[in-house]
Participant: 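After the structure tokens below, expect a handful of questions from me.
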Amino acid sequence: MREESPTWLVTGGAGFIGSNFVLGQRAAKTARIINLDKLTYAGNLRSLEPIKDDPDHVFVHGDIGESPLVAEIFRRHRPQAVVNFAAESHVDRSIYGPQVFIQTNVVGTLTLLEESRRYFEGLSADERDKFRFLHVSTDEVYGSLEPEAPPFSETSPYAPNSPYAASKAASDHLVRAYHRTYGLPTLITNCSNNYGPLQFPEKLIPLMILNGAQGKPLPIYGDGKNIRDWLFVNDHCEALALVLKQGRVGETYNIGGAAELANLEVVTAICGILDELRPDSPFLPHASLITFVKDRPGHDRRYGLDTAKIARELGWRPRESFMSGLAATVRWYLAHQEWVESVQTGEYQQWIKKHYGPEAPKHTGTERTSCIR
Ligand code: NAD
Ligand code: DAU
């Protein structure tokens, strides 16, 4: 007899990675999904349109920090797993206003853990064996690497540098504590920079694609030599599904793309793809739009991840190469004007003005190059 498909509570499933995960899992019919999302500026129901009539995707509009709501979801839907994507995720926003990062990423995660623990303790021994709490976290908890240093491994010490990274580090520690103290079967993943369809255009890659296509300046912080490791979002989602099914309880897994690149290299590559896809553009060559602007305060110089553990234990490796994934991403943004317009709302315009406009705060006392048109 075939086993009935499980129910998972996914939080933040209307955001970038969460929506890609939910769409992928529903396409594969691996689980019935209860999708709890607050629909902040970063959450968008349009991203979930392909499954709007799917009876096995239940969207719940709400906050992970709302205890009674989370308890009610557990009572009503009895999930076998929780996958926690919900977070404030943009480093620059955390510099302007850290409070909401602490509220959602720390207090919200604590509430979700507490309700998960209550629910877990009421399960039968067999149900407890199967239950998992997967917390989706970031490589930024490890801090910044020196140019020649080996990449971060799962045993690297935590040294977060931005309010965002500090809030994610705090949530990782809480997840770990809930495993050690209460026996909650947790898993933590720390992933590098994701890119791909459905990413909110405040982040480097979609911002540069859309600005480039519209002939707007491409604002590069500092000298453009800060290095990030890039992973195509579907590869991250596959890794998460694997960790959920086969990861060892209580463990942490690093997930990365083995694609360390300087920001300037990434933006130049986007410009090259735009030149090819839009040979008649009035903005050729798109690289002429590159503008160096004042650096991000506390800007981490380099991230890189050693992913030997997930490769060895779970057989995971990224499938997508950076250049093919990037070209697919550029094509996706150019072909999905409706989605783009739906997220470039008043809130987005305000953010762009506040952060890149002439009125942007001069974080460290020196002049910021304004690059808004
Ligand atoms: P995102 O900002 O695109 O989406 C976050 C989602 O969470 C949104 O849908 C938002 O509405 C929702 N949300 C925010 N606060 C909430 C709350 N209090 N209750 C319920 N829902 C809430 O983020 P993302 O880039 O998809 O990142 C998802 C997760 O992955 C985050 O935890 C982030 O820290 C982590 N992560 C992201 C990356 C990356 O490169 N984007 C890399 C590694 C890890
Ligand atoms: O490393 C994983 C992290 O990657 C995730 O945990 C975060 O949620 C996610 O936002 C991302 O953080 P970054 O700060 O690395 O991503 P962002 O896209 O904001 O910036 C990438 C790099 O590009 C970074 O070095 C800053 C730089 N940058 C960014 C923007 C928005 C610019 O030079 N100009 C810009 O306008």
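Quantities reported herein were computed from a predicted structural model and do not represent experimental measurements. Below, each value reflects all heavy atoms present in this structure, side chains not excepted, and no hydrogens, waters or symmetry copies. In listed order, ligands and their atoms are each counted from 1.
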Participant: For ligand 1, which is the ligand I care about here, please tell me if Ile17 has any N or O atom under 3.5 Å from one of the ligand's N or O atoms.
Facilitator: yes
Participant: Flag Phe16 as yes when one of its N or O atoms lies below 3.5 Å from any N or O atom of ligand 1, and as no otherwise.
Facilitator: yes
Participant: For atom 17 (P) of ligand 2, which candidate among Arg228, Glu202, Arg296 holds the nearest heavy atom?
Facilitator: Arg296
Participant: Do me a favour and list the nearest non-hydrogen protein atom to atom 33 (O) of ligand 2 with residue, atom name and distance?
Facilitator: Tyr221 N, 2.9 Å
Participant: Taking the ring of Phe120 and the ring of Tyr182, is the distance between their centroids below 6.0 Å?
Facilitator: no
Participant: Report yes or no: does a heavy atom of Phe200 sit under 4.0 Å from some atom of ligand 1?
Facilitator: no
Participant: Under 4.0 Å from any heavy atom of Gly43, which atoms of ligand 1 are there?
Facilitator: 8 (C), 9 (O), 11 (O)
Participant: Name the option, out of Lys168, Arg301, Glu140, that contains the heavy atom nearest to atom 3 (C) of ligand 2.
Facilitator: Glu140
Participant: Would you say Asp63 has any N or O atom under 3.5 Å from an N or O of ligand 1, going by distance alone?
Facilitator: yes
Participant: Out of Ser137, Ala86, Gly62, Ser171, indicate the one that has the non-hydrogen atom closest to atom 44 (C) of ligand 1.
Facilitator: Ser137
Participant: Near His90, which atoms of ligand 2 are under 4.0 Å from a heavy atom of that residue?
Facilitator: 19 (O)
Participant: Any side-chain donor paired with an acceptor under 3.5 Å for Asp295 and Asn226?
Facilitator: no
Participant: Taking only heavy atoms of Val91, which atoms of ligand 2 are found under 4.0 Å from at least one of them?
Facilitator: 14 (O)
Participant: Looking at ligand 1, is there an atom of it that comes within less than 4.0 Å of some heavy atom belonging to Tyr41?
Facilitator: no
Participant: Select one of side chain, backbone, both or neither to describe which atoms of Leu204 lie under 4.0 Å from any atom of ligand 2, heavy atoms only.
Facilitator: both
Participant: Using a strict cut-off of 4.0 Å, indicate which atoms of ligand 2 neighbour a heavy atom of Leu207.
Facilitator: 36 (O)
Participant: Is it the case that the ring center of Tyr96 lies less than 6.0 angstrom away from the ring center of Trp351?
Facilitator: yes
Participant: Compute the minimum heavy-atom distance from Gly108 to ligand 1 and say whether it is under 4.0 Å.
Facilitator: no
Participant: What do you reckon, does Ser19 put a non-hydrogen atom under 4.0 Å from ligand 1?
Facilitator: no
Participant: State plainly whether the residues Glu49 and Lys52 are in salt-bridge range, i.e. N to O under 4.0 Å.
Facilitator: no
Participant: Using a plain distance cutoff, I'd like to know if Ile64 has any nitrogen or oxygen under 3.5 Å from a nitrogen or oxygen of ligand 1.
Facilitator: yes
Participant: May I ask you to say whether Lys168 pairs ionically with Asp139, meaning some side-chain N is under 4.0 Å from a carboxylate O?
Facilitator: no
Participant: Would Tyr333 and Gln199 count as having a side-chain donor-acceptor pair, cut-off 3.5 Å?
Facilitator: no
Participant: Starting from atom 9 (C) of ligand 2, which protein heavy atom do you reach first, and at what distance in Å?
Facilitator: Ser89 O, 3.9 Å
Participant: Please say whether Met208 places an N or O atom under 3.5 Å from an N or O atom belonging to ligand 2.
Facilitator: no
Participant: Relative to the heavy atoms of Thr138, which atoms of ligand 2 are at a distance of less than 4.0 Å?
Facilitator: 1 (O), 2 (C), 3 (C), 5 (C), 6 (O)
Participant: Are Glu313 and Arg248 ion-paired here, with the side-chain N under 4.0 Å from a carboxylate O?
Facilitator: yes
Participant: Consider every N or O of Tyr303 and every N or O of ligand 2, then say whether any pair is closer than 3.5 Å.
Facilitator: no
Participant: Could you tell me whether ligand 1 has any atom less than 4.0 Å away from a heavy atom of Leu39?
Facilitator: yes
Participant: Are any of the N or O atoms of Tyr164 closer than 3.5 Å to those of ligand 1?
Facilitator: yes
Participant: In terms of atom number and element, which parts of ligand 2 are under 4.0 angstrom from non-hydrogen atoms of Asp139?
Facilitator: 1 (O), 2 (C)
Participant: Check each atom of ligand 1 against the heavy atoms of Asn193 and keep those under 4.0 Å away; list them by number with element.
Facilitator: 40 (O)
Participant: I need the atoms of ligand 2 closer than 4.0 Å to a non-hydrogen atom of Ile220, numbered in the order shown.
Facilitator: 33 (O)
Participant: Say whether Lys38, considering both its backbone and side-chain N or O atoms, lies within less than 3.5 Å of an N or O atom on ligand 1.
Facilitator: yes
Participant: Classify the side-chain pair Asp92/Tyr221 by whether it contains a donor and acceptor separated by less than 3.5 Å.
Facilitator: yes
Participant: Hey, does Asp37 come in under 3.5 Å of ligand 1, counting only N/O atoms on both sides?
Facilitator: yes
Participant: Say whether Ser89, considering both its backbone and side-chain N or O atoms, lies within less than 3.5 Å of an N or O atom on ligand 1.
Facilitator: yes
Participant: Which is closest to atom 4 (O) of ligand 1 in terms of heavy atoms, Gly15, Ser192, Gly256?
Facilitator: Gly15
Participant: What about Asp92: any of its N or O atoms under 3.5 Å from an N or O on ligand 2?
Facilitator: no
Participant: Would you say Lys203 and Ser89 are linked by a side-chain donor-acceptor pair, where the criterion is simply a distance under 3.5 Å?
Facilitator: yes
Participant: So if I count the atoms of ligand 2 from 1 in the order they appear, which ones are less than 4.0 Å from some heavy atom of His299?
Facilitator: 24 (C), 25 (O), 26 (C)
Participant: Is it the side chain, the backbone, both or neither of Lys168 that has a heavy atom closer than 4.0 Å to ligand 1?
Facilitator: side chain
Participant: When the ring centroid of Tyr158 is compared with that of His173, is the distance short of 6.0 Å?
Facilitator: yes
Participant: For ligand 1, find out whether one of its N or O atoms is nearer than 3.5 Å to an N or O atom of Thr104.
Facilitator: yes
Participant: Can Arg93 be said to sit on top of Tyr41's aromatic six-ring, NZ or CZ under 6.0 Å from centre and within 45° of the ring axis?
Facilitator: yes
